[in-house]
Amino acid sequence: MTTITVLHPGEMGAAVAAQAVLRGHRVLWVDSGRSAATRDRASAAGLEAVPDLELALGASEVALSICPPAYADEVARAVAARAFCGIYVDANAISPRRASEIASVIAEAGGTPLDGSIIGPPPGGSISARLYLSGEPGPGGQVVKLFTETVVDARLLDRPIGAASALKMAFASYQKSARTLVALAHGLADEHGVTGQLVEEGRKMAGPLLADREYLGSVARRAWRWDAEMLEIAAALDEAGLPAALAHATAEVLGRWEPLKDARPTAADAIAYLHTAKPDVGGNP
């Protein structure tokens with residue numbers, strides 16, 4: 001049995017911690033100034049309340065930070081201030097740079113940092129989520145074992161600190177933006193009474209888009225025709241009283257691909273052109 005401190009049992013944190021409890025591990029949480037809703041979640045998950053952070057960390061081999069990204073640094077500093085010497089998993093949606101900075105704070109205090117990211121809904125029942133880990137393989141393997149045969153599919157990346165966070169940022173950049181674009185599309189369709197037709201066209205679309213990396217070359221080659229269209233879309237959104245910033249941003253991205261209109265770019269070429277320094281691909285300027 002391993003003793004774990006979860007910081008803190010929000011909806012995702014409590015669900016992940018509950019899976020460790022099901023494996024027979026002891027999971028602590030700090031019941032100090034927390035809401036009644038947090039207490040209810042922790043109780044339902046089978047977590048053990050401890051009055052302060054020092055007591056919880058002193059009894060734990062692993063600390064699992066699952067909190068809103070704005071608080072990730074604050075939580076890590078609080079743990080470091082208690083000279084925690086166990087494995088610290090920062091499983092928050094933060095940038096690779098912040099993940100590295102937090103790892104340094106934990107390591108300087110004597111702990112062993114791991115970079116983590118959670119992809120998927122709060123796990124439970126038949127619903128699973130992936131917990132990706134990067135950093136030292138030995139401690140990473142120990143954390144993977146905590147969730148063996150649970151619906152938390154813990155996976156160790158053979159990459160340094162920052163890789164797990166980069167994966168989360170890459171996935172969420174698509175997922176969150178795509179859902180937001182769906183809202184804008186329906187808002188515009190509702191304004192003009194064509195929602196039913198929009199849904200019908202949506203059902204005919206090919207997918208899954210995120211897995212079709214190689215198609216990016218074709219998109220980049222045709223992008224010179226689309227940036228002006230996105231500006232028209234921005235105007236239509238603005239006329240309907242809807243935010244147009246995402247359409248303007250898409251036009252900016254498409255504009256970066258304009259030099260590729262007479263080329264046969266690969267997906268790697270297309271992605272390279274999105275960086276600030278535009279490379280020479282196929283003899284294009």
Side-chain angles (χ1 to χ4, degrees), residues 11-12 68-72 92-98 117-121 165-285:
E11 185 178 4
M12 180 63 80
Y71 301 107
N92 300 304
I94 58 176
S95 72
R97 177 187 57 80
R98 282 185 68 197
S117 65
I118 301 169
I119 296 180
S165 286
L167 175 60
K168 175 68 174 183
M169 294 294 96
F171 179 80
S173 69
Y174 170 80
Q175 180 197 35
K176 269 60 173 187
S177 297
R179 291 298 186 186
T180 304
L181 289 171
V182 168
L184 289 175
H186 277 272
L188 183 56
D190 288 354
E191 188 72 13
H192 295 276
V194 291
T195 302
Q197 290 77 10
L198 177 67
V199 170
E200 183 180 349
E201 290 298 328
R203 288 179 178 144
K204 296 175 182 177
M205 291 181 67
L209 297 178
L210 189 58
D212 194 3
R213 176 185 172 92
E214 292 310 311
Y215 193 66
L216 289 174
S218 177
V219 173
R221 179 172 57 82
R222 293 175 289 158
W224 66 275
R225 300 199 302 262
W226 295 350
D227 56 350
E229 182 178 348
M230 289 308 305
L231 294 177
E232 293 298 320
I233 292 169
L237 290 168
D238 188 59
E239 291 162 8
L242 295 164
L246 285 174
H248 283 293
T250 302
E252 179 187 352
V253 173
L254 292 169
R256 292 205 174 196
W257 284 329
E258 187 171 353
L260 297 175
K261 67 179 182 179
D262 295 323
R264 291 188 175 275
T266 65
D269 295 334
I271 292 168
Y273 261 76
L274 295 182
H275 291 271
T276 303
K278 298 178 183 178
D280 179 18
V281 176
N284 289 283

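Values in this document were obtained by computation on a predicted structure and should not be read as measured data.
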How far apart are the closest heavy atoms of Ala247 and Leu237, and which atoms are they?
-> CB-CD1, 4.1 Å
Shortest non-hydrogen contact from Gly255 toward Pro259 = O-CD, 4.3 Å
Met169 and Pro96 have their tightest heavy-atom pair at CG-CD, 4.3 Å
What closest approach, in Å, do Leu184 and Leu242 show between heavy atoms, and which atom pair accounts for it?
-> O-CD1, 4.0 Å
Rounded to the nearest 0.5 Å, how far does CG of Asp238 lie from NE2 of His248?
-> 7.0 Å
The complete set of side chain to side chain donor-acceptor pair (under 3.5 Å) pairs with one or both residues in residues 176-198, sequence neighbours excluded, reads Asp190-Thr195
Measuring from Lys168:NZ to Ile94:CD1, what's the distance to the nearest 0.5 Å?
-> 12.0 Å
Between the side chain of Arg256 and the main-chain N/O of Tyr273, is any donor-acceptor distance below 3.5 Å?
-> no
Sorted by chain and number, sequence neighbours left out, side-chain hydrogen bond (donor to acceptor under 3.5 Å, both in side chains) with Ser165 holds for Asp115
State, to 0.1 Å, how close Leu198 and Ala185 come at their nearest heavy-atom pair, and which atoms those are.
-> CD2-O, 3.6 Å
Inter-residue atom distance Asp269.CG - Trp257.CH2, 0.5 Å rounding | 11.5 Å
Passes side-chain contact (heavy atoms from CB on, under 4.5 Å), Leu167 versus Ile119? Steps please.
-> CA-CA 9 Å; Leu167 175 60; Ile119 296 180; 4.1 Å; yes
Please tabulate, one pair per line, all N/O donor-acceptor pairs under 3.5 Å involving side-chain atoms of residues 207-234, not counting sequence neighbours.
from   : atom 1 : to     : atom 2 : distance (Å)
Tyr215 : OH     : Arg222 : NH2    : 2.7
Ser218 : OG     : Arg222 : NE     : 3.4
Ser218 : OG     : Arg222 : NH2    : 3.1
Arg222 : NE     : Ser218 : O      : 3.2

Search all heavy atoms of Ala270 against all heavy atoms of Leu260 and return the closest pair with its distance.
-> CA-CD1, 4.4 Å
